[in-house]
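What follows is a single structure, written as structure tokens, with notes after it.
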Amino acid sequence: MKARIHITLKKGVLDPQGKAIAKALSHLGFVGVEEVRQGKYIEIDLAGSDTQTARAGLDAMCAQLLANTVIENYSIELDA
Amino acid sequence: MKARIHITLKKGVLDPQGKAIAKALSHLGFVGVEEVRQGKYIEIDLAGSDTQTARAGLDAMCAQLLANTVIENYSIELDA
Amino acid sequence: MNSCVIVFPGSNCDRDVAVALEASSGTRPRMIWHGDSELPACDLIVLPGGFSHGDYLRSGAMAARAPIMRAVVAKAKAGTPVLGLCNGFQILTEAGLLPGALMRNAGLKFICRDVFLRVENNYTLFTRGYGPGQVVRIPISHHDGNYFADSATLNRLEDTGRVAFRYCAADGLINADANPNGSLNNIAGILNETGNVLGMMPHPERLISHELGGSDGRAMFDALTALVQCA
Amino acid sequence: MRVTITPEIVAEHGLKPDEYDQILRVLDRAPNLTELGIFSAMWNEHCSYKSSRVWLRTMPTTGPQVVCGPGENAGVVDIGDGQVAIFKMESHNHPSFIEPYQGAATGVGGIMRDVFTMGARPVANLNALRFGAPENPKTRHLVSGVVAGIGGYGNCIGVPTVGGEVNFDPGYNGNILVNAMCIGVADADKVFYSTASGVGNPVVYVGSKTGRDGIHGASMASAEFDENSEEKRPTVQVGDPFTEKLLLEACLELMAGDAVIAIQDMGAAGLTCSAVEMASKGGLGLLLDLDRVPCREAGMTAYEMMLSESQERMLMVLRPDRAGAARAIFERWELDFAIVGETTDTGRFIIRHRGETVADLPVDVLAEQAPIYQRPWTPTPPLPHLAAADVPDTDDPGAALVRLLGGPHLSSRRWIWEQYDHMVMGDTVQRPGGDAAVVRLHGSRKGIAATTDVTPRYCAASPREGGKQAVAEAFRNLCAVGAKPLATTDCLNFGSPERPEIMGQLVGCIEGLSEACRALDMPIVSGNVSLYNETRGVAIPPTPAIGAIGLLDDIDHMATIAFKQEGDVILLVGETSGHLGQSLYAREIAGRKDGAPPPVDLAAERRYGDFVRGQIVAGNVRTAHDISDGGLLVALSEMALAGGYGCVLALPKNAGPPHAWLFGEDQARYVLCVSPDKAPGLLSAAGARRVPITELGRTGGRDMILDGRLIQTLETLRHAHENWFPDYMEG
Ligand SMILES: Nc1ncnc2c1ncn2[C@@H]1O[C@H](COP(=O)(O)OP(=O)(O)O)[C@@H](O)[C@H]1O
Ligand SMILES: [Mg+2]
């Protein structure tokens with residue numbers, strides 16, 4: 001199974017990388033960029049076929065390691 | 001408009017972060033993790049409403065700045 | 001003084017801080033491997049600087065989940081002084097022993113240079129060797145030192161004297177120019193509620209003698225040593 | 001899969017038709033594709049030094065301090081008390097142009113492996129960088145990527161990056177140079193070499209897994225760039241400094257015991273080069289079983305495994321009875337460990353894969369019988385001396401000074417070195433910004449000083465004088481901090497050796513630097529040659545980068561460039577003729593690029609350098625700076641800025657034209673600074689040693705004053721000097 005995990009900064013948490021990207025884009029002459037937020041995208045290949053177990057496992061992985069829930073949110077998609 | 005951009009390492013390119021995450025997950029006792037790849041996820045809020053112009057702009061942003069096309073691929077989704 | 005330095009894969013200031021501790025206390029600290037699960041009896045635990053696990057995923061994230069950290073948390077809760085320097089500070093926040101998070105420097109670049117710090121609270125185990133409001137020169141060397149916490153947490157830190165050090169100008173002024181990395185309120189180091197855990201981004205162990213260009217860092221290790229000798 | 005070897009395939013492997021004929025002759029059959037790949041890797045310029053070898057043999061490589069000269073992974077020199085310093089410099093030019101961050105990062109990783117392969121713990125890194133003109137649209141991106149990559153790798157592994165140099169010149173627009181140097185320290189009785197010995201000993205692979213990284217990277221590094229080169233991108237390797245840190249610690253742990261017979265890091269042409277070199281040096285054969293090689297991807301072919309340049313890997317020959325203990329060490333560090341073959345007495349390099357023999361080649365042919373070329377060369381025509389009178393004077397030396405100090409060539413490099421952790425390991429006693437960096441030998445009072453130097457515009461004007469000058473400047477930088485120069489490494493960056501005028505540059509530079517190394521007693525113990533640095537037939541300026549180390553017996557007797565207090569006497573050591581040919585003043589202010597470079601008098605260099613060092617070591621002098629790019633006024637300004645004190649100077653009688661005196665780049669000169677009570681002693685000591693010395697003035701104030709006139713305020717100078725780099729990078 002393949003899981004796709006998005007980790008994004010919580011609202012209100014400053015995002016130095018996003019800000020820097022926005023600035024760089026405007027330096028390069030791109031107009032209309034209002035806000036940029038940078039997050040992480042993690043793909044995990046999992047053994048097994050039980051999506052329910054998998055989902056529980058992935059949730060635990062995110063909460064315990066992949067995301068810092070003080071500043072980040074996460075979301076999980078699972079392809080069977 | 002909101003764009004969601006995924007930046008991932010090209011196939012065959014070493015992903016030290018993914019490798020380390022996989023190891024850490026297994027140390028934490030998670031079983032069945034076969035491979036982990038880490039990429040970036042970028043959200044951009046754009047002014048304007050013409051999706052075609054937006055898409056062309058986003059493509060240029062990715063090629064010129066957001067992705068390192070030597071080792072990375074990118075994909076763009078656009079919500080109107 | 002009986003101190004323990006925790007060594008994670010990728011730690012690289014473990015030896016430096018051991019040298020500083022030995023210079024002040026005359027005793028060589030025990031180096032404890034991250035995979036161990038128990039800590040010997042000790043007067044001080046140090047989480048050193050470096051790039052534990054390459055700083056991959058998030059600085060300090062993987063180290064904070066190492067087996068030894070359960071013992072560190074237990075000792076910290078029981079009152080043992082714990083000092084986290086640079087990567088050690090990042091690990092302490094990831095482990096939940098200190099609030100907030102250390103994000104990428106606002107300038108996005110790694111920065112290695114001497115900075116000035118104002119001692120905001122010199123009534124702590126770690127800072128008793130400094131005067132109130134004293135300005136000290138200590139190097140920073142990090143990529144992710146941009147301190148962030150939500151406003152409630154920040155207020156709590158400020159109101160209870162838990163900000164130990166702030167980045168400042170040479171004359172002690174706290175302003176944006178003196179802030180090397182974008183930290184909220186110029187925060188360089190904070191304490192836990194009970195005052196026995198200090199995390200700071202600067203490296204006091206790097207300026208402990210005139211050969212190295214200064215000795216402002218030494219007072220911290222001297223103070224910790226004296227504390228134990230009194231007790 | 002059987003591939004018939006066509007002339008096209010041969011050409012794609014960078015082999016010339018006559019080289020292929022030689023292969024057919026020695027094998028007495030056609031090679032298969034894997035074998036051809038192995039030949040192409042081994043006979044590549046990068047591995048075989050086929051164009052430079054005859055000239056490299058002429059370099060001075062021995063001396064009482066030399067424990068091991070060129071030929072091993074790095075050079076080894078005695079530093080006393082049972083210790084050795086192990087160091088080398090290496091190029092990663094083409095990869096860094098294609099992917100600046102990863103190219104530079106893996107360059108640092110590679111040179112560090114060369115050093116710890118030999119049993120040394122790395123204690124300092126340096127880097128010599130050449131970029132195109134600041135105006136070139138690519139330059140900014142390349143600078144930012146290269147610097148971040150060097151920092152990213154060195155900072156993570158925890159070795160201080162303490163020095164280096166940077167030039168901008170349009171000659172590097174299409175071909176930047178990234179030369180990385182690493183210095184390590186080991187116990188003299190714990191140095192490890194790459195000579196395999198014994199038959200039936202296990203050949204062991206450790207580190208990261210093998211992927212399809214940089215296949216043909218070694219060939220790419222020697223192939224001229226063309227318009228399409230940016231499409232060769234997927235061959236870029238990604239560095240993993242965390243794994244390298246583990247590999248470093250695991251190797252040093254293993255080396256504390258007696259398990260290792262031979263060890264070789266996998267650099268260019270990874271498994272091929274390392275295996276063949278170990279076998280060839282030991283006069284042995286070697287058998288590899290590729291089924292046991294740890295792979296990152298499924299289905300890798302023998303060809304791919306043999307040519308992969310995946311990073312952070314090592315190959316070793318171990319004592320059979322120690323293999324188990326060795327495995328335990330690497331497994332504890334969570335690194336791959338696999339016995340992938342054994343040494344044999346057949347003299348053949350035999351590779352098995354999936355039950356088949358996929359290569360069977362004679363080891364000696366691959367290594368020692370690689371082609372060697374005596375390439376035709378034409379000497380660079382000498383340029384006439386450029387008289388100071390032919391270079392326009394300036395009525396405002398202060399403005400010229402601001403332009404020089406606040407421009408790409410002489411501005412502060414702080415923007416770079418603050419991105420490098422230059423203090424980790426707690427022994428950096430002289431940080432970047434001075435003449436040479438100094439790291440204390442851990443736990444002692446001794447120090448190792450290090451510098452990298454070359455002035456490509458001098459080398460272009462006269463390869464021979466330029467070669468001499470590069471070594472002389474390195475010598476001066478070491479003497480100026482109080483270090484005894486010990487030995488040299490080099491990185492010879494040139495265009496295509498197939499062009500006689502480029503070969504002439506290479507020959508001239510090698511002759512010049514060899515002469516200087518002999519005269520200054522700084523033998524060359526390691527180095528690297530990078531040829532084919534060209535884009536569309538335009539070669540880079542000849543750039544023989546020199547890295548040198550020196551020793552301080554007591555770090556308390558060390559000099560720095562900063563003025564230390566008001567009222568000190570400023571003295572000039574050496575002779576000033578006002579040589580403006582190839583000077584920065586002539587180029588940048590007067591727009592003249594002609595003329596011979598300053599001549600180098602090696603006997604004078606030695607005498608003056610020995611004098612300066614002697615005074616520092618004796619504790620008489622704590623402030624010293626050599627004079628190089630930009631001349632005297634620039635050197636004085638750097639000292640003033642570093643210390644925060646200005647100076648009041650007087651033009652000596654018979655100084656000649658002021659612009660030549662202020663900005664000339666005569667060699668073998670230093671500025672010293674001492675308290676007034678020490679000055680008479682210093683003057684008489686110089687007289688006794690026939691060392692010319694002139695009093696220039698006193699420190700003090702916040703300005704640079706010459707003959708009662710304000711040249712410039714320190715504030716203006718500091719602003720210009722410190723801001724050029726960050727402003728430029730901000731774009
Ligand atoms: N790429 C670099 N990395 C680190 N330090 C550098 C780099 N470039 C220059 N420096 C440092 O800046 C200082 C000035 O460099 P340079 O002008 O080349 O010195 P010198 O003229 O004495 O050889 C030196 O201390 C040097 O080590
Ligand atoms: Mg110099």
Side-chain angles (χ1 to χ4, degrees), chain C residues 7-23 33-35 48-57 59 62-63 85-87 105 107-115 138-144 170 180-181 202-214 217, chain D residues 121-122 144 147-162 239-250 332-335 414-433 438-440 442-443 445 447 554-556 558 560 726 729-730:
Chain C
V7 183
F8 300 94
S11 291
N12 62 34
C13 303
D14 43 336
R15 188 186 77 177
D16 305 3
V17 78
V19 167
L21 287 164
E22 189 177 354
W33 186 237
H34 74 122
F51 285 69
S52 55
H53 299 274
D55 271 2
Y56 297 151
L57 187 64
S59 304
M62 296 182 205
L85 303 173
C86 198
N87 196 220
N105 292 345
L108 302 192
K109 286 198 284 295
F110 188 97
I111 310 170
C112 177
R113 75 158 96 106
D114 287 355
V115 297
I138 308 261
I140 54 168
S141 188
H142 61 245
H143 212 163
D144 298 319
N181 54 26
H203 286 271
E205 80 279 15
R206 290 191 180 186
L207 277 188
I208 53 163
S209 66
H210 75 94
E211 294 94 337
L212 298 171
Chain D
R121 178 172 287 281
S144 110
V147 170
I150 290 171
Y153 210 99
N155 299 346
C156 181
I157 200 170
V159 174
T161 302
V162 295
D240 181 358
F242 172 57
T243 296
E244 177 123 322
K245 167 75 174 166
L246 304 183
L247 188 60
L248 162 68
E249 298 301 338
R332 194 164 65 81
W333 287 100
E334 302 192 36
L335 294 164
R414 182 185 305 278
W415 185 91
I416 294 180
W417 79 63
E418 284 191 346
Q419 293 185 60
Y420 302 152
D421 188 338
H422 47 268
M423 296 180 233
V424 63
M425 297 185 88
D427 285 312
T428 304
V429 295
Q430 181 147 179
R431 301 182 190 180
V438 181
V439 292
R440 177 172 58 186
H442 194 66
R445 303 299 304 165
D554 180 358
I555 50 165
D556 273 341
M558 175 179 85
T560 59
M729 293 308 296
E730 273 294 306

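Note that the structure is a prediction, hence the values are computed from the model and not measured. Throughout, protein chains are lettered first and strands after them, A, B, ... in sequence-line order, and every chain is numbered starting at 1.
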Report task. Would you sort out whether D:Asn155 and C:His143 count as a side chain to side chain contact (heavy atoms under 4.5 Å, CB included), showing the intermediate values? Result -> CA-CA 10 Å; D:Asn155 299 346; C:His143 212 163; over 6 Å; no
**Report entry** Within-4.5 Å side-chain heavy-atom neighbours: C:Glu211 and D:Asp556
**Finding:** yes
Requested in this report: Could you look at C:Arg113 and say if it's the side chain, the backbone, both or neither that has a heavy atom under 4.5 Å from chain D?
Outcome: both
Query raised in the report: How many angstroms lie between CE in D:Met425 and CG in C:Asp16, if you round to the nearest 0.5 Å?
Result: 7.5 Å
Query raised in the report: Between D:Gly426, D:Ser144, D:Gly443, D:Ala148, which has the largest tally of heavy atom pairs under 4.5 Å with chain C?
Result: D:Gly426
Query - Region of D:Leu248 that comes under 4.5 Å of a non-hydrogen atom in chain C - result: neither
Query raised in the report: So D:Trp333 and C:Trp33, would you call those rings parallel, tilted or perpendicular, with 30° and 60° as cut-offs?
Result: perpendicular
Requested in this report: Identify which of D:Thr243, D:Val438, D:Asp240 forms the greatest number of heavy-atom pairs closer than 4.5 Å to chain C.
Outcome: D:Asp240
Requested in this report: Would you confirm whether D:Asp421, through its side chain, and C:Ser141, through its main-chain N or O, come within 3.5 Å as a donor-acceptor pair?
Outcome: no
Report task. Report the C-alpha separation of C:His203 and D:Val424 in whole Å, then their side-chain angles, then the decisive distance to 0.1 Å, and conclude whether the side chain to side chain contact (heavy atoms under 4.5 Å, CB included) test is met. Result -> CA-CA 10 Å; C:His203 286 271; D:Val424 63; over 6 Å; no
Query raised in the report: For the atom pair OH (C:Tyr56) and SG (D:Cys156), what is the distance rounded to the nearest 0.5 Å?
Result: 5.5 Å
Report summary line: Under 4.5 Å to a heavy atom of chain D? For C:Asn12 that would be both
Report task. Could you tell me which non-hydrogen atom of C:Cys112 sits nearest to which non-hydrogen atom of D:Met423, and how far apart they are? Result -> SG-CE, 3.7 Å
Query - NZ/NE/NH1/NH2 to OD/OE distance under 4.0 Å, C:Arg15 and D:Asp427 - result: yes
Query raised in the report: Quick one: what part of C:His210 sits under 4.5 Å from any heavy atom of chain D, side chain, backbone, both or neither?
Result: side chain
Report task. Measure the shortest side-chain to side-chain distance between C:Pro9 and D:Phe242 over non-hydrogen atoms and say whether it is less than 4.5 angstrom. Result -> yes
Report summary line: Cut-off 4.5 Å, heavy atoms of chain D, and the answer for C:Leu207 is side chain
Query raised in the report: If you count heavy-atom pairs under 4.5 Å with chain C, which of D:Glu249, D:Arg414, D:Arg332, D:His442 comes out on top?
Result: D:His442
Query - NZ/NE/NH1/NH2 to OD/OE distance under 4.0 Å, C:Lys109 and D:Glu418 - result: no
